[in-house]
Amino acid sequence: MRRWLEDLEARRGLDTLTAGARRLVIGSYGVLLALMLYRGLAVQSDGSPVGPLVAFVLPLVLFLPSILARRARGHAWLAFVSLLYFTQGVMVATLPGQGLRGLAEALVSLALFTGCMGYARFRSRQLRAG
């Protein structure tokens, strides 16, 4: 895997890979945030307090400064947090009538994980090289 990534970096260039990973992070982050807002509001409309909305959205919002500042370390930590959303999406997908929503959450969080890990790798290598 390492050799494949090094070959990819040599062929495409770190700038191109970093920009592509960043686009993937921003897109999947926005979609996952929207999914969690929808889910939190759906739970809240059942008469629950605002707690579930905060629980679904807050972990993502806490990483917004790292994304905006383009910090590789923050992206790496967001990748690990996205695995919690992946697990939650797989769990929700097994519930009756929630398959599509859970599958969407799992796929988007997997895209976020991939983008964050790629960005963390490419950006840190970019900073070391330049």
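- Closest of all the heavy-atom pairs between Cys116 and Ala79 is CB-CB, 3.6 Å.
- Nearest heavy-atom pair, Leu53 versus Met36, reported as atom, atom and distance to 0.1 Å: CD1-O, 4.5 Å.
- Of the inter-residue distances, the one linking Leu17 atom CG with Tyr119 atom OH reads 12.5 Å to the nearest 0.5 angstrom.
- Across all their heavy atoms, Glu105 and Gly89 have their closest contact at OE2-N, 3.6 Å.
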Could you walk me through whether Arg2 and Glu6 pass salt bridge (charged side-chain N to carboxylate O under 4.0 Å, His left out), step by step? CA-CA 6 Å; Arg2 181 178 177 177; Glu6 289 171 353; 3.2 Å; yes

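- Phe86 and Val81 fall into different hydrophobic clusters, where Ile, Leu, Val, Met, Phe, Trp and Tyr are joined by side-chain heavy atoms under 4.5 Å apart, directly or via other members.
- Under a hydrophobic-cluster definition in which Ile, Leu, Val, Met, Phe, Trp and Tyr are linked whenever side-chain heavy atoms come within less than 4.5 Å, directly or via other members, Trp77 and Leu84 are assigned to different clusters.
- Inter-residue side-chain proximity for Arg71 and Pro65 is flagged as met; some heavy-atom pair is nearer than 4.5 Å.
- One finds the CZ atom of Arg23 at 10.5 Å from the OG1 atom of Thr18 (value rounded to the nearest 0.5 Å).
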Check against side chain to side chain contact (heavy atoms under 4.5 Å, CB included), Tyr85 and Leu112:
CA-CA 10 Å; Tyr85 288 100; Leu112 181 61; over 6 Å; no

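- Smallest separation of non-hydrogen atoms from Ser28 and Val108: O-CG1, 3.3 Å.
- Atom CG of residue Leu58 and atom CZ of residue Phe63 lie 10.0 Å apart, to the nearest 0.5 angstrom.
- Across Ala55 and Pro59, no two heavy atoms sit closer than the pair O-CD, 3.3 Å.
- Residue-environment remark: CG (Leu100) stays at or below the threshold of 12 foreign heavy atoms within 6.0 Å.
- Taking 4.5 Å as the limit, some side-chain heavy atom of Arg125 sits within range of a side-chain heavy atom of Glu9.
- At least one side-chain heavy atom of Leu64 sits under 4.5 Å from a side-chain heavy atom of Tyr29.
- Residues Ser82 and Ser109 approach most closely at O-CB, 3.5 Å, considering heavy atoms.
- In this structure, CG on Leu32 lies 5.0 Å from CG on Leu60, to the nearest 0.5 angstrom.
- Under a 3.5 Å cut-off, the side chain of Thr94 and the backbone N or O of Met91 do form a donor-acceptor pair.
- In this structure, Phe56 is a member of the same hydrophobic cluster as Val31, with clusters built from ILVMFWY side-chain heavy atoms closer than 4.5 Å.
- For Arg128, there are no side-chain hydrogen bond (donor to acceptor under 3.5 Å, both in side chains) partners two or more places apart in sequence or in a different chain.
- A distance of 4.0 Å separates CD in Gln88 from CZ in Arg39, rounded to the nearest 0.5 Å.
- In this structure, Phe122 and Arg22 have side chains that are not in contact, with every pair of non-hydrogen atoms separated by 4.5 Å or more.
- Taking OG1 from Thr114 and CG from Leu110, the interatomic distance works out to 4.5 Å, rounded to the nearest 0.5 Å.
- One hydrophobic cluster, built from ILVMFWY side chains closer than 4.5 Å, cannot hold both Leu5 and Met117; they sit in different ones.
- The cluster map of Ile, Leu, Val, Met, Phe, Trp and Tyr, joined by side-chain heavy atoms under 4.5 Å apart, puts Leu35 and Leu37 in the same cluster.
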